[in-house]
Every structure is written in structure tokens, then in C-alpha cells.
Amino acid sequence: MAIPISYSLRNLWARKLTTALTAGGMALVVFVFATVLMLEQGLRQTLVSTGAYDNALVIRRAAGTEVQSAVDRTQAAVLESRPEVALGPDGVPLVSKEVVVLISLGKKGSGKPSNVVIRGVGDAGLTLRPQVKIVEGRTFRPGSSEIIVGRSIEERFSGVALGERLRFGMREWTIVGLFDGGRSGFDSEIWGDADQMIQAFRRSMFSSVLVRLNDASAFDSFTAALTDDQRLTLEAKRETVFYAEQSETLARFIRILGLTLSIIFSIGAVIGAMITMYASVANRTAEIGTLRALGFRRGSILLAFLFESLLLGVIGGAIGVAGASTMQLITISTVNWQSFAELAFSFDLTPGIVFAAMTFAVGMGFLGGVLPAAQASRMAIVDALRAA
Amino acid sequence: MTDVIVRIRGLAKSYRRGGQSVPVLEDLDLDIRSGDFLALMGPSGSGKSTLLNLIAGIDKPDRGTLEVEGVDITRLGESDLARWRASHVGFIFQFYNLLPVLTALENVELPLVLTSLGRRERRERAELALSMVGLSDRVKHYPSELSGGQQQRVAIARAIITDPTLLVADEPTGDLDRVSAGEILDLIGRLNSELGKTIIMVTHDQRAAERAHSIVNLEKGALVRAT
Ligand SMILES: Nc1ncnc2c1ncn2[C@@H]1O[C@H](COP(=O)(O)OP(=O)(O)OP(=O)(O)O)[C@@H](O)[C@H]1O
Ligand SMILES: [Mg+2]
């Protein structure tokens, strides 16, 4: 028979300060743990939503990123004529031949320069990316020195606003529109006409070609065709996969760093919980003797103390997760090492992360409580009673 | 045999201290009759508490038998012994040993958690037990809000709640002033006379011992005189 749960609860309540401090220590660890997972999730979310599943992105084989890639006009023309490529209502293939360049812009406030992606897109560029929506102004006119900028570029860089001019590629460009990339990586890009960009940056080749497939299952025959054609030293990736891979290194780094920190901190929190629970056992030795004398078993004592420690974990976990959830309001930016461009993303709290964080917290409670609880349950009744 | 409720034969107990075995009880025989009110006296360190703990089944002897209602409790395993204590023994301690986080009512109710009784019935019984010790108006009080005498009365209510065969009390008035001690002894006396409980009480207090029907004196681990 178990000792009533209220006994454990009230003992935690009876020593409010100790409980608060111990749970607070755990909450900090859980906060770090959850925040890191949220960061990783936010990054993946941003980059994954950058792509569409029935789009294929073609770059030079083994180029890894669009910036490092080159696709010449002949190759681009071959791609355009593939039967797997979907046609628009006007019978024109849904293809965007793009050029991607990095330029440096000064950040708001500090004025520190940071890399920004300039993307020259073809006529179908916006059609292929339905998540990108003009929120202010209008889109650029093909053949002009007009550009549109992503929401988070406008927020983070100085001199970027509707109607302003930017100098790059030895030209002045007029910002005629702001777009919202639907929390994708495009939010951190500046778009203009691909042919104009090629001229301005004195390129002879495109960086990548984005195509809409007839349907998502046409991808396999499309890649097969690319591999078979000796003229084409290109590879195609699903757009979603391409951007997910882009986030891999950074996501893994964040995860490993965060988990390492969490584990180191958690050792402190577990020791804290252990000290609290040992003190609690020591203070209640006579109580333990009394409970045993009344007929409660060793197992019941063990459970009562273990439960108390698990509860500490639950309280700490709940506070930590609550704290972490406020981080969702914050957007941060960092350099994505694979594309070398600044990327803005937010913390993303998912049910899976809440579950992982709570499991982590309860795990700390368990580790902190198991030895003290075992000690409490091992005492001989008469010895425990003599402690009165 | 019929009215002997506790039958002790050849009971021995020693404690280890610094690698040496210190005998506390040696070859002790004792019979306690059902309905008896027995006072266990003797100098400090003579083994009174040790004997009481053995009878109450919270300690194990080295040798000897200890039958309660014909059951040799020295042969019971730990878990059977715990079950036996829960249904056969009521404890009254010198320092009351109430759980500070539970109210008077919850403290009294606690031993019933180990029974199959439902919550409602447990509450009702606990309220009845508290009214028997005159604390109906202190049901919701925590131990820290009660006087020593009141706490001991709560402890007594807890001890009788399961209607046990034996009540064991180790210096139940040792921590109380004269007046409260008198009240507690009255109460224990009534449990014996009105409810017919068999009571074994360790005490230093001659006045407390006078309330008992019989007195057993322990000296250096042996019975010196039984009245
Ligand atoms: N757990 C123990 N470990 C070692 N020695 C013990 C233990 N319990 C009791 N003793 C020793 O056994 C002897 C008898 O102890 P016990 O507590 O039974 O005496 P007592 O008659 O109740 O004394 P008092 O009147 O002071 O309560 C003492 O010498 C004591 O030191
Ligand atoms: Mg004693």
C-alpha cells in the first residue's frame, strides 16, 4: 500500500524555499535544453519550408550550395525541354534560371557588415515559390534595376526600405517591394531579375535552375535523365531536401553544443536535487521510522521519496518549458556556414520538444532522488525511530 | 494459556558496538495476559525500549520465541511482519511522532490507508477516534498547532484506529507536564478499562506505573521482579 501522494506534495510545500531553489536549478537546465532544441527546430523549419516538394533544384554536381554552383545556358535549355517539367497556363515551362551572389550590407545599429544573398530569378521565380508574397509595394519589372527585399532583411539592415536605393554590382538598384517569405530562408534574401544580375555581376552562367515537376513522382525520372546525359554535369535535388541539407551542419552544431551544455548543467542540477533529497531524508528519519512502524513497507518509503524528487523534476521542467516558450517571440539571425549568408529564424516549440524537455526534467528528478530514497528505505526501524 | 496474549521464551538481544557484541536482553521469559496494563520499569539502559520494540515487531531478537496470540512473530518475514504490525499493534511514542505535514485527522487516518477501507469510512472512523480522545474540535489542526498533550492524544487516536491487539507506549508522558501527563494516563487507563486493550507501557515515572495493573522491572537485561 502506498503512502498518500499528498504526503509527498505537502512535504515539498512545507519547505517552499528549498523546493523553489532546487526546482529553479532544474528549470534553468530545462530552459537551456528546450531552447536549444527549439533553435534547432526553428532552423530546420525555416530551411525546410524554404523548399517545395514538387520543385527540383538543379546545381552543378557536388557544388553543395547555389553560390558555388554554375549552370550554363545550354545546360539550362536542356533542362527546360525535359518532359518532366510542368508547363504554365501559357504553355511556357515553369522554370526559373537563377543566379545567387553574396554581397555585404551594413546592419542596423552597429553598421557591421554581413553577407546577404542576392537572388536573380526568372519569370517563374515567384510562381514556383507560392509562400513568397509581396506585402508592400510591387514586384520588380523584368529587365529593370528594380529589386524586392525579404522582410527580415528590411528589419535587420540599414538603408533598406521601400523606395530606397542600394548599390551593388556597380549599379544602383531601387527597392520597389517588400516580400514575406512565410518564415522561410527567402526572408533573408534580396531578389531581382536574373538577367540583370548576370550583367551587373559580369557572370556568364546561372547558379541554379529551379523547375516545377509535373508531379512530385516525376522526380526520379528527372534525376535519372540528368545522370544519363553526359553533357549535363548537373544534379537535381528536391528543393525541400536541398534546404534541409543546408541546415544540417549548423543544426548539428547547435544540437551538440546545446546538449553538451545541458548535460554538464544537469549534473549540477542533479547534485542539487540529491542534496535536497538527502537533507529531506535526514530531517525526516524519525518520520520514516514511524511510517514503517505503522506498517508501511520499505517500497512505500522508497516510492514516497522518489515521487517527491520526480515532482521536483516536474515542477522544474514545467517552469523551464514555460520560460522557453517565451523565446518563441524572439527572432535571431546567424550566419549559415553552408551558404555563408545571414539567416533569420525563430525558436520553434513543438509538442515533441515539450515531451523531451519534461522527460529530461523527470530524469534529473529520478537521478537526484533514487539514492536518497533508497537510503530512506534501507533504514532499520528502531534506528530511524531513535533519531527523534 | 487462553488468556496469555504475549508469551516470551528465552528471548535474547545484543547490539554490536565497536566490533563488540553488547548483550541487552539475556534469556528472558515473560507472559502478558490479555487485557493487562503492564508497566515496564528499570534504570536507563536496562533494555526496556529494546524489549518493547521486540514485542511490537519493529526489531528482531537474536534468539528466543515471541508469540502473540499464538503466532511466533520472530518467524515472520519482513513483509508479513509489517502487515502484522499494521493490524495488531498500536504505537504511542514519547515524542508523539505525528507527521507534521498532515492534519490531526489525516494523522489518525494514516494507518487505515493500509486497510481495504474506503476513503469515506476511513474519515468517519478517524473522526470517531478523535472524538474519543476529546479532540473533535481540532480535526483540521496541524501538529504544530497543538499542545504536547493534544498531540499525544492525536497519537493515541492513531494507535487505536485499527483496533489493535496490543498498545505499546514508550514513555508516553516523558515529554509532558504534570497535568497533561495525568490526562494522558487517564486516557490510556480508560483504553484498558473500557475498551479492554492490552497495554504495555515503558515508564520512569512511579506515578505512571501506579496506574498499571502489573509492573515488570528490568535490570541489566533480566527481569528482577514481576508484580
Ligand atoms: N541500535 C542500537 N545500537 C547499539 N546499541 C543500542 C541500540 N539500541 C539500544 N542500544 C543499547 O542497548 C541498551 C538498552 O537500550 P534501551 O534503549 O533498550 O534502554 P532503555 O531501558 O529503554 O533506556 P532508557 O530508559 O534510557 O530509554 C543501551 O545500552 C543502549 O545503548
Ligand atoms: Mg528507552
Side-chain angles (χ1 to χ4, degrees), chain A residues 1-20 276-277 279-305 307-309 311-312 315 373-374 376-388, chain B residues 13 15 24 49-54 56-61 77-103 106-117 119 122 142-144 155 158-159 161-162 164 168 170-171 174-175:
Chain A
M1 257 323 156
I3 295 169
I5 285 168
S6 60
Y7 172 75
S8 301
L9 275 170
R10 291 206 209 152
N11 273 302
L12 286 176
W13 184 245
R15 44 193 165 87
K16 289 189 250 327
L17 184 64
T18 320
T19 299
T276 300
M277 290 312 297
S280 171
V281 170
N283 286 334
R284 281 188 276 157
T285 303
E287 253 176 87
I288 294 165
T290 307
L291 285 165
R292 293 282 310 282
L294 294 181
F296 289 95
R297 314 279 171 84
R298 288 179 195 276
S300 306
I301 304 288
L302 183 101
L303 281 181
F305 278 89
F307 185 69
E308 215 169 293
S309 185
L311 266 174
L312 272 176
I315 296 169
S377 73
R378 275 200 306 266
M379 287 185 222
I381 304 174
V382 279
D383 293 340
L385 284 172
R386 283 163 71 97
Chain B
K13 175 76 184 175
Y15 285 107
V24 180
S49 297
T50 304
L51 177 57
L52 194 71
N53 291 343
L54 290 171
I58 55 174
D59 205 355
K60 285 270 182 184
E78 188 168 280
S79 149
D80 287 337
L81 195 56
R83 195 175 307 125
W84 177 81
R85 280 197 305 274
S87 55
H88 288 80
V89 188
F91 288 87
I92 304 168
F93 303 94
Q94 179 176 0
F95 300 105
Y96 335 125
N97 290 29
L98 299 176
L99 304 199
V101 298
L102 301 185
T103 62
E106 289 163 338
N107 265 289
V108 174
E109 191 194 338
L110 194 59
L112 293 181
V113 171
L114 292 163
T115 67
S116 58
L117 290 181
R119 190 185 163 82
R122 294 201 307 252
Y142 286 90
S144 59
R158 179 178 68 185
I161 190 82
T162 54
V168 298
D170 198 341
E171 303 190 29
D175 199 45

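Every heavy atom of this structure was used, including side-chain atoms; hydrogens, water molecules and symmetry mates were not. Just so we're on the same page: letters track the sequence lines, and every chain starts at 1.
Summarising the geometry, atom CG belonging to L385(A) is positioned 9.5 Å from atom CG belonging to D170(B); distances are rounded to the nearest 0.5 Å. The CG atom of L114(B) sits 4.0 Å away from the CZ atom of F296(A) when rounded to the nearest 0.5 Å.
Most heavy-atom pairs under 4.5 Å with chain B, from the set A380(A), A293(A), A14(A): that is A293(A). Top candidate by heavy-atom pairs under 4.5 Å with chain B, chosen from N11(A), D383(A), L291(A), is N11(A).
Remark: the backbone N or O of S79(B) is not paired with any side-chain donor or acceptor of R298(A) at under 3.5 angstrom.
Each of L110(B), N97(B), V113(B), T162(B) was checked for a side chain to side chain contact (heavy atoms under 4.5 Å, CB included) with L294(A), and the lone residue meeting it is L110(B).
Side-chain contact check for V101(B) versus R284(A): every heavy-atom pair is 4.5 Å or farther apart. Two residues are said to be in side-chain contact when any heavy atoms from C-beta on lie closer than 4.5 Å; I381(A) and R85(B) meet this criterion.
Contacts of T103(B) classified as side-chain hydrogen bond (donor to acceptor under 3.5 Å, both in side chains), with partners at least two apart in sequence or in another chain: E106(B). Under the rule for a ring-ring contact (aromatic ring centres under 6.0 Å, His included), F305(A) has no partner lying at least two apart in sequence or in another chain.
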> Would R158(B) and T290(A) count as a side-chain contact (heavy atoms from CB on, under 4.5 Å) if you check the C-alpha gap in whole Å, the side-chain angles of each, and the deciding distance to 0.1 Å?
Replying inline: CA-CA 12 Å; R158(B) 179 178 68 185; T290(A) 307; 3.8 Å; yes

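V382(A) and I58(B) get closest at one heavy-atom pair: CG1-O, 3.9 Å. In this structure, G295(A) and A86(B) approach most closely via the heavy-atom pair CA-CB, 4.1 Å.
Interface remark: Y96(B) contributes no atoms to any contact with chain A (heavy atom separation under 4.5 Å).
More than 12 heavy atoms of other residues, nucleotides or ligands shown are found within 6.0 angstrom of CG on L9(A).
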